[in-house]
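The model shown is predicted, which means the values in this text are computed figures rather than measured ones.
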Amino acid sequence: MAHEVTTPRIAVLPDGIRPWAAAAVRAGGGEIVQPDQADALVWTATGFEPGFQPRDLAAVVKDHPGIRWIQLPWAGVEPYAEAGIFDREHVWTSGKGVYARPCAEHALALSLAGLRHLKDFAQARRWTGQAGVSLIEGRVTIFGGGGIAEELIGLLRPFGCRITVVRKRPAPMEGVSRVLEWGARHEALEGAQAVVLALALTPETEGAFGATEFEAMDGGAWLVNVARGRHVRTDDLVEALRQERIGGAALDVTDPEPLPEDHPLWSLPNCLITPHTANTYAMAIPLLSARISGNVRRFATGEPLIGPVDPDLGY
């Protein structure tokens, strides 16, 4: 039986941060209203911008009981999870999965750049000796079983890699040799040439990659992080790179972030850094706009929304 279609009344706040979000709501058939008239809220602050704190969102939701659904902009919603915003009285959705393809593409690029020593070659001013490891039929371990992991697995298919995935809730995944639970993460590190972090930041995963994990990795392995800088204990990583206990690190995210200009990671020859650009703002606008429009249509017909946040898991 078809669902009745209604015109969703949706507030877009805070004002002026991402004006294109209102156009995405309208494209999905929604009507832009003030929060006291709204059935739903598209909240455009990430929780990281100066001047907009998670408590601002909490206040809007508390003061406007008509709001039933809240759409958040990015996949990473840890500022709101850490502030205890999420509840089961409302439907919460995020941008999870929206940016999976460009982030997976960047993870593959960083993996190849690291294993192929492209930083060294790009900075060289003379003909050098040969170096590099092929990813063809290589071994890759991915931490996280969400959209980025799924897209990266697809990108790795032509390479014929043996892939291990570590995730909170193990389940078979197409194209993966092994899916292991979090408790087996050290086993998953052994023998991997590339270790890719593509998991949510939670209390369990914060600081989960330190000296013990680097010791468990093969000496030539590269750590690739397209998730959150706080997964990694930065001081331990600096020491592992200095002592060449691992092959190197290719980081799109760091802790702290932005990384200070005098930080030792910049000067280490076996560390490649990109400035949190796996998914650029220009890439994000059409992708998130499509997610907002699609969820507005689903909300209108009572269909399940895409990208739900689990209040217990915090992502």
Side-chain angles (χ1 to χ4, degrees), residues 46-48 70-82 86 91-111 140-157 161 163-185 188-189 192 194-209 223-232 250-253 276-280 283-284 287-288 290-292 294-295 298 304-315:
T46 65
F48 295 102
I70 301 96
Q71 171 75 53
L72 296 171
W74 309 136
V77 295
E78 61 269 18
Y80 298 102
E82 291 166 1
F86 300 132
V91 175
W92 303 85
T93 56
S94 72
K96 67 170 71 173
V98 169
Y99 317 110
R101 297 187 74 182
C103 287
E105 176 191 34
H106 200 73
L108 177 59
L110 290 177
S111 300
V140 177
T141 292
I142 305 171
F143 282 80
I148 296 175
E150 291 176 348
E151 292 291 342
L152 181 56
I153 291 163
L155 292 177
L156 288 170
R157 189 169 294 117
C161 293
I163 301 171
T164 296
V165 170
V166 179
R167 59 188 300 181
K168 188 175 182 67
R169 296 173 176 170
M173 299 180 69
E174 185 178 355
V176 175
S177 300
R178 298 186 300 170
V179 180
L180 303 178
E181 63 181 359
W182 181 252
R185 62 190 180 278
L189 293 170
V195 176
V196 181
L197 308 188
L199 68 170
L201 184 65
T202 67
E204 186 176 29
T205 65
E206 183 168 1
F209 295 86
L223 177 74
V224 177
N225 192 359
V226 293
R228 286 288 185 260
R230 285 160 54 195
H231 289 304
V232 178
L251 312 171
D252 189 53
V253 290
H276 207 145
T277 192
N279 174 65
T280 68
M283 296 175 195
L287 295 172
L288 184 57
R291 169 62 60 85
I292 292 171
N295 268 347
R298 287 171 171 266
L305 303 180
I306 301 174
V309 174
D310 186 315
D312 296 327
L313 296 177
Y315 61 88

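In plain terms, the two heavy atoms of Glu151 and Ala104 that are nearest each other are CB-CB, 3.6 Å. Listed here is the closest heavy atom pair of Pro73 and Tyr99: O-OH, 2.9 Å. Between Asp252 and Ala278, the closest heavy-atom pair is OD2-N, 3.0 Å. Nearest heavy atoms, Ala194 versus Ser111: CB-OG, 4.3 Å. Contact record, Thr141 with Ala192: OG1-CB, 3.5 Å, taken as the closest heavy-atom pair. Heavy atoms only, all atoms of each residue included: Val165 and Gly145 are closest at CG1-CA, 4.2 Å.
Atom CZ of Arg101 sits in a sparse spot, with 12 or fewer heavy atoms from other residues, nucleotides or ligands closer than 6.0 Å.
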- Would Val91 and Ile70 count as a side-chain contact (heavy atoms from CB on, under 4.5 Å) if you check the C-alpha gap in whole Å, the side-chain angles of each, and the deciding distance to 0.1 Å? CA-CA 6 Å; Val91 175; Ile70 301 96; over 6 Å; no

- Do Val226 and Val253 pass the side-chain contact (heavy atoms from CB on, under 4.5 Å) test, and can you show the C-alpha distance, the side-chain angles, and the key distance before you say yes or no? CA-CA 6 Å; Val226 293; Val253 290; over 6 Å; no

- Where do Lys168 and Glu181 land on the salt bridge (Lys or Arg N to Asp or Glu O under 4.0 Å) test, with the steps shown first? CA-CA 6 Å; Lys168 188 175 182 67; Glu181 63 181 359; over 6 Å; no

- Task: Start with the C-alpha distance between Trp182 and Leu199, add both sets of side-chain angles, then the distance that settles side-chain contact (heavy atoms from CB on, under 4.5 Å), and finish with yes or no.
- Result: CA-CA 11 Å; Trp182 181 252; Leu199 68 170; 3.8 Å; yes

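Within the model, atoms CG of Leu251 and NE2 of His276 stand 12.0 Å from one another, a figure rounded to the nearest 0.5 Å. The structure places CG of Leu223 at 9.0 Å from CG of Leu189, a figure rounded to the nearest 0.5 Å. Ile153 CD1 to Ile148 CD1: the interatomic distance, rounded to the nearest 0.5 Å, is 11.5 Å. Going from atom CG of Leu156 over to atom SG of Cys161 covers 5.0 Å, rounded to the nearest 0.5 Å. To the nearest 0.5 Å, atoms CD1 (Ile163) and CG (Leu152) are separated by 7.0 Å.
Annotation: side chain to side chain donor-acceptor pair (under 3.5 Å) contacts of Thr164 (sequence neighbours excluded): Arg178. With sequence neighbours excluded, the residues that form a salt bridge (Lys or Arg N to Asp or Glu O under 4.0 Å) with Glu206 are Arg230.
Listed for the Thr280 side chain is a donor-acceptor partner under 3.5 Å among the backbone atoms of Met283. Side-chain atoms of Thr205 come within 3.5 Å of backbone N or O of Ala200 as a donor-acceptor pair. Judged by distance alone, with hydrogens and angles left aside, the side-chain atoms of Asn279 form no donor-acceptor pair with the main-chain N or O of Cys103 at under 3.5 Å. No donor-acceptor pair closer than 3.5 Å links the side chain of Arg291 to the backbone N or O of Gly97.
Ring planes of His231 and Phe209: perpendicular class, angle over 60° (limits at 30 and 60°).
When each of Val196, Leu180, Asn225, Val195 is tested with Phe143 by the rule side-chain contact (heavy atoms from CB on, under 4.5 Å), just one qualifies, namely Val195.
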Donor-acceptor pairs are to be reported for all side-chain atoms of residues 304-315 against protein atoms at under 3.5 Å, with residues two or more places apart or in another chain.
from: Asp310; atom 1: OD1; to: Asp312; atom 2: N; distance (Å): 2.8
from: Asp310; atom 1: OD1; to: Leu313; atom 2: N; distance (Å): 3.2
from: Asp312; atom 1: OD2; to: Arg88; atom 2: NH2; distance (Å): 2.6

